[in-house]
Number of protein chains: 2
Amino acid sequence: MTPQRLMIVEAVENSTNHIGADEIYSEVVAKYPNVNVSTVYRTLELLEQLGLVTKTDLGGGRVVYHPVDKGHHHHLVCKECGATIDLDESVLSSLKDSLLRQYQFVADLRHLGIQGVCVNCRQHASQKPAESK
Amino acid sequence: MTPQRLMIVEAVENSTNHIGADEIYSEVVAKYPNVNVSTVYRTLELLEQLGLVTKTDLGGGRVVYHPVDKGHHHHLVCKECGATIDLDESVLSSLKDSLLRQYQFVADLRHLGIQGVCVNCRQHASQKPAESK
DNA sequence: TAAAATTCTGCGAATATTTGCAACAACAAG
DNA sequence: CTTGTTGTTGCAAATATTCGCAGAATTTTA
Ligand SMILES: [Mn+2]
Ligand SMILES: [Mn+2]
Ligand SMILES: [Zn+2]
Ligand SMILES: [Zn+2]
């Protein structure tokens with residue numbers, strides 16, 4: 001457990017909710033000026049393999065990390081407005097179960113980002129049928 | 001419909017199964033030497049928005065494209081051995097339905113890559129409990 | 001301790017993809 | 001035909017992430 005790893009873990013744990021690699025890097029580099037981004041990425045990969053953090057692609061180039069001990073959940077991400085809706089883990093547990101039963105496949109569905117269109121954006125789209133120019 | 005777009009569409013349609021942006025580019029550049037990768041990516045994005053192709057991240061930096069008219073399906077991707085198992089669309093339709101009912105969210109689940117560990121790799125792992133050095 | 005083996009790091013380069021911009025092409029109006 | 005408008009391209013630079021490598025730090029062995 002090196003100082004840089006410690007600070008990276010700290011940054012992830014202290015984050016309110018999700019945190020990106022760039023934010024972690026900024027936070028760490030403030031106290032420890034000569035850390036490298038590679039180390040941040042490598043440490044995050046390690047933490048992921050150890051099952052301490054989850055990595056989630058929320059779309060649009062935003063990949064975020066989340067400590068496992070702060071609750072499992074998933075996210076619906078609206079491609080139109082970018083809104084993210086929290087989703088309880090139970091919604092995906094039946095899928096996970098059926099993949100295990102039917103395919104003996106252990107799906108890694110800890111913290112998923114599901115792309116789509118939210119209610120608001122769907123309503124707005126139908127209210128504006130004449131999209132035109 | 002420009003010549004470069006035509007050739008990109010052709011490359012995707014002619015592909016046996018999945019095809020990556022780099023492969024499309026190689027194929028197109030052979031006949032039309034001064035196309036640019038940007039055009040390939042831009043065209044693929046366009047085709048995706050038009051609902052003609054699906055884009056899927058199969059993990060490990062492999063993003064592949066697939067024409068919609070060649071059947072909908074999903075993939076289980078083993079993180080250990082890289083094997084991909086085909087999955088019928090029906091397996092995810094119940095999830096899609098419940099997201100629509102409970103959250104009024106239209107999930108974009110046309111061609112998903114689900115990460116995890118396959119049967120073989122799981123058995124091998126348990127047969128080798130003494131992983132050691 | 002000293003030497004050897006291992007692990008971790010910073011750095012710079014590679015990778016895949018996206019973006020801004022200016023030239024270019026198609027096309028409509030005058 | 002001349003002009004203006006719009007959409008498409010190539011190029012070069014930005015972005016996020018990964019990788020090889022050689023040196024530093026650590027741990028193991030003798
Ligand atoms: Mn989350
Ligand atoms: Mn497929
Ligand atoms: Zn929305
Ligand atoms: Zn496997």
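In what follows, every chain begins at residue 1, and chains take the letters A, B, ... in the order their sequences are listed. Only a predicted model underlies this, so the values are computations on that prediction, with no experimental measurement involved.
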Distance below 4.0 Å between Y41(A) side-chain N/O and dT17(D) OP1 or OP2: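 Y41(A) to dT17(D) OP1/OP2: side-chain N or O found under 4.0 Å.
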Could you tell me whether the phosphate oxygens of dG10(D), OP1 or OP2, come under 4.0 Å of any side-chain nitrogen or oxygen in T39(B)? yes
Any donor-acceptor pair under 3.5 Å from K70(B) side chain to S15(B) backbone: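 Judged by distance alone, yes, a pair lies under 3.5 Å.
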State whether the side chain of T56(B) and the backbone N or O of G113(B) hold a donor-acceptor pair below 3.5 Å, judged by distance alone. no
Checking all strands, does [X] fall into the base, sugar-phosphate, or nothing category for heavy-atom contacts under 4.0 angstrom?
X	value
R42(B)	base
N34(B)	sugar-phosphate
V63(A)	sugar-phosphate
E45(B)	nothing

Rounded distance in Å - [atom1] ([X]) to [atom2] ([N]):
X	N	atom1	atom2	result
E48(A)	dT17(D)	CD	P	12 Å
Y65(A)	dT17(D)	OH	P	6 Å
E23(B)	dA16(C)	CD	P	11 Å
Y25(A)	dG10(C)	OH	C1'	10 Å
D57(A)	dA16(D)	CG	C1'	11 Å
L6(B)	dT8(D)	CG	P	14 Å
M1(B)	dA25(C)	CE	C1'	16 Å
N36(A)	dC19(D)	CG	C1'	12 Å

Report the relative orientation of the aromatic rings in H111(B) and H73(B); use parallel for angles under 30°, tilted for 30 to 60°, perpendicular for over 60°. perpendicular
Does any donor-acceptor pair link the side chain of S38(A) with the base of dT9(C) at a separation under 3.5 Å? no
Within the 4.5 Å heavy-atom criterion, are V68(A) and R110(A) side-chain neighbours or not?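 V68(A) reaches R110(A) side chain to side chain.
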For the pair D86(B) and H75(B), evaluate side-chain hydrogen bond (donor to acceptor under 3.5 Å, both in side chains) and give the outcome as yes or no after the intermediate values. CA-CA 5 Å; D86(B) 281 21; H75(B) 297 277; 3.1 Å; yes
